[in-house]
Amino acid sequence: MPRFDLIATSTFGLENVVARELQQLGYADCRVSDGRVCFTGDEADIARCNLWLRSADRVLIRVGEFPAPDFGALFDQTTALPWADLLPVDAKFPVKGRSVRSRLHAVPKVQGVTKKAIVESLKKKHNRFRFDESGAEYVIEVSLLKDIATLTLDTTGDGLHKRGYRQVVGAAPLRETMAAGLIQLSYWNSDRPLIDPFCGSGTIPIEAALIGQNIAPGLQRSFAAEDWRWFDRAIWKNVRIEARDVRKRDLPAPIMAYDHDPGAIRHSRRCATDAGVGGSIRFNCQEVSELKTPLEYGCIVTNPPYGERLGDNEEVEAVYRVMGHSFASLETWGVYVLSAYRGFENHFGRRASRRRKLYNGRLECQYYQYPGPRPPFAQAGAEHRDAADKPLANKPSTAPSPEAPPSPFGTFVADCSTAAEATTIDLNRFEGLTERRGNVE
Ligand SMILES: C[S@@+](CC[C@H](N)C(=O)[O-])C[C@H]1O[C@@H](n2cnc3c(N)ncnc32)[C@H](O)[C@@H]1O
């Protein structure tokens, strides 16, 4: 089976979480940089990663990467890539484009030249002059960063956040991939109770239940590469069978989803049922002021209202103050809050011991982390979740963490070799970049 250079893309700030997930799936050769984790694999790896990655956006095949200071270089180098091995005669191959800090900044032209170069390459290899593009879709992206062109083929199709359980979108839903990232950045594991007191459409509790029950997040959906002629269909069938086999029926500790909006509770209940975890989550319609539990050493992971509109601030500040009072009695609990509101800590009444910049869509947020005391039942190695927050090269490990969902694929490979500088995610640098995007059909 041929091997491919693969890229798992992610939102900025979650790259190390994705690398950690890849490591748990058995991929040792991860290299982390802004918005992507590179590794290698074959067809079966493409299928597994699409099925299992929780925080990544897409799995791409890197077809080529080269300096492209001008259109001549872009055309020649693109033509030389092995497109005929990947695109059958009837392939439909739209070309998406983006350009960041590059001389070739006219994205539509970049896309046009790339498409023309691919057609030239296919003409030679397939011995044809015309391509009707009537078959399955193979989406190509040409991405220019500082004059380096990366050409990729998207194996995923709809982004990986589309798990298939949320048919109707709620008022201000969190992406499923972000919710999974927040959980994996916390110290929660399935032995600890979890509460989301502002659950909205239930994304955080549902993703926690999927993690706790070792359910592959992509089990209910299909992927672009499933329609590709050269991709062995039996592989997809097998990875799904494997995934069903490793699924756990129960959770050792409860997961609770609360919201004061009855419509949100109805909606989240329906989503949880569609995700196959309806029986694992306790729902209740209640105000955050009513939050009480006799349980200890749980985690609150939540995404309260931010107040994006003018005039919302007072309301949101009042909610944060109520949160501060309600959570104060949960002395043994860890608290993790994603908010875009800059004054969150002032109104909540406590400084976070850690903060992390994350983007909810285009909205800059902080993830405020109050890990709380270590549970007395915590097993040795519980610190491993912290590793998702740090360069992996600093965190070598030789055995699967007891907290990690078991790898469904047998062998656990411990370390991801990462260049230290590549794992430093400089979001300020990202914010300053001018990015242009476009599509060519
Ligand atoms: C940003 S949304 C949460 C979105 C959620 N993470 C999702 O993925 O759909 C905030 C939620 O908090 C709820 N909410 C606002 N104020 C509340 C309060 N005082 N008590 C309980 N829920 C509240 C809203 O009804 C809304 O569903």
Side-chain angles (χ1 to χ4, degrees), residues 11 14 54-55 159-186 188 194-211 217 255-275 277 281-293 299-309 311-330 335-341 344 347-349 358-368:
T11 188
L14 289 184
R54 298 182 190 277
S55 302
L160 288 175
H161 68 282
K162 295 206 172 167
R163 317 290 208 209
Y165 63 70
R166 191 153 67 185
Q167 304 303 338
V168 185
V169 177
L174 199 61
R175 279 203 167 189
E176 293 77 351
T177 42
M178 175 59 76
L182 298 181
I183 295 158
Q184 294 184 94
L185 283 168
S186 81
W188 178 79
L194 181 139
I195 297 179
D196 179 356
F198 302 96
C199 72
S201 53
T203 324
I204 293 172
I206 292 170
E207 290 297 319
L210 293 175
I211 293 170
I255 293 178
M256 288 145 289
Y258 305 143
D259 199 289
H260 71 175
D261 175 1
I265 291 296
R266 271 195 304 277
H267 180 51
S268 53
R269 217 188 274 274
R270 196 168 50 238
C271 291
T273 304
D274 290 348
V277 294
I281 302 172
R282 300 179 193 167
F283 295 93
N284 199 27
C285 184
Q286 63 176 57
E287 281 288 334
V288 66
S289 57
E290 297 173 272
L291 184 67
K292 275 196 201 81
T293 174
C299 288
I300 291 174
V301 183
T302 196
N303 161 224
Y306 307 152
E308 284 160 56
R309 290 182 304 267
D312 282 352
N313 289 4
E314 277 176 28
E315 214 173 295
V316 159
E317 288 166 4
V319 172
Y320 294 164
R321 280 195 294 276
V322 175
M323 281 169 74
H325 290 303
S326 300
F327 297 2
S329 59
L330 307 177
V335 174
Y336 301 86
V337 179
L338 182 77
S339 176
Y341 192 71
F344 168 77
H347 300 282
F348 182 61
L358 291 172
Y359 287 84
N360 183 10
R362 291 191 169 265
L363 200 61
E364 184 187 315
C365 297
Q366 290 289 340
Y367 191 37
Y368 299 96

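Since we're looking at a predicted model, the values are computed, not measured. The residues of the chain are indexed from 1 along the displayed sequence. Atoms within each ligand, like the ligands themselves, are counted from 1 in listed order.
Considering backbone and side-chain atoms together, Asp261 places no N or O closer than 3.5 Å to any N or O of ligand 1. At under 3.5 Å, a nitrogen or oxygen of Leu174, whether backbone or side chain, sits near a nitrogen or oxygen of ligand 1. Checking only distances, Val288 does come within under 3.5 Å of ligand 1, N or O to N or O.
Residues Glu317 and Tyr341 bring a donor and an acceptor atom of their side chains to less than 3.5 Å of each other.
Distance CE/Met256 to CD1/Ile281: 10.5 Å, rounded to 0.5 Å.
Close approach of ligand 1 to Pro197 (heavy-atom distance below 4.0 Å) involves ligand atoms 21 (C), 22 (N). Atom numbering of ligand 1 starts at 1 in the shown order; those under 4.0 Å from a heavy atom of Glu287 are 18 (C), 19 (N), 20 (N). Every atom of ligand 1 is numbered from 1 in the order shown, and the set under 4.0 Å from a heavy atom of Pro173 is 7 (C), 8 (O), 9 (O). Atoms of ligand 1 lying under 4.0 Å from at least one heavy atom of Gln286, given by number and element, are 21 (C). For ligand 1, the atoms lying closer than 4.0 Å to a non-hydrogen atom of Ser201 are 7 (C), 8 (O), 9 (O).
In the candidate list Leu338, Val322, Asn303, Ile204, Asn303 is nearest to atom 1 (C) of ligand 1, counting heavy atoms. In this structure, of Glu207, His260, Met178, the residue bringing a heavy atom nearest to atom 17 (C) of ligand 1 is His260.
A side-chain hydrogen bond (donor to acceptor under 3.5 Å, both in side chains) with Ser55 holds for exactly one of Gln184, His161, Arg175; it is Gln184.
Residues Tyr320 and Phe348 keep their aromatic ring centres 6.0 Å or farther apart. Ring pair Tyr336/Tyr368: centre-to-centre distance not below 6.0 Å.
Residue-level proximity to ligand 1 for Ser289 is absent, since no heavy atom of it falls below 4.0 angstrom.
The existence of a salt bridge linking Glu176 and Arg54 is excluded, since no basic side-chain nitrogen approaches an acidic carboxylate oxygen closer than 4.0 Å.
Heavy-atom distances between Cys199 and ligand 1 reach below 4.0 Å in at least one pair.
Remark: the backbone N or O of Ile183 is paired with a side-chain donor or acceptor of Ser186 at under 3.5 angstrom. Under the 3.5 Å distance criterion, the side-chain polar atoms of Asp196 are left unmatched by any main-chain donor or acceptor of Thr302.
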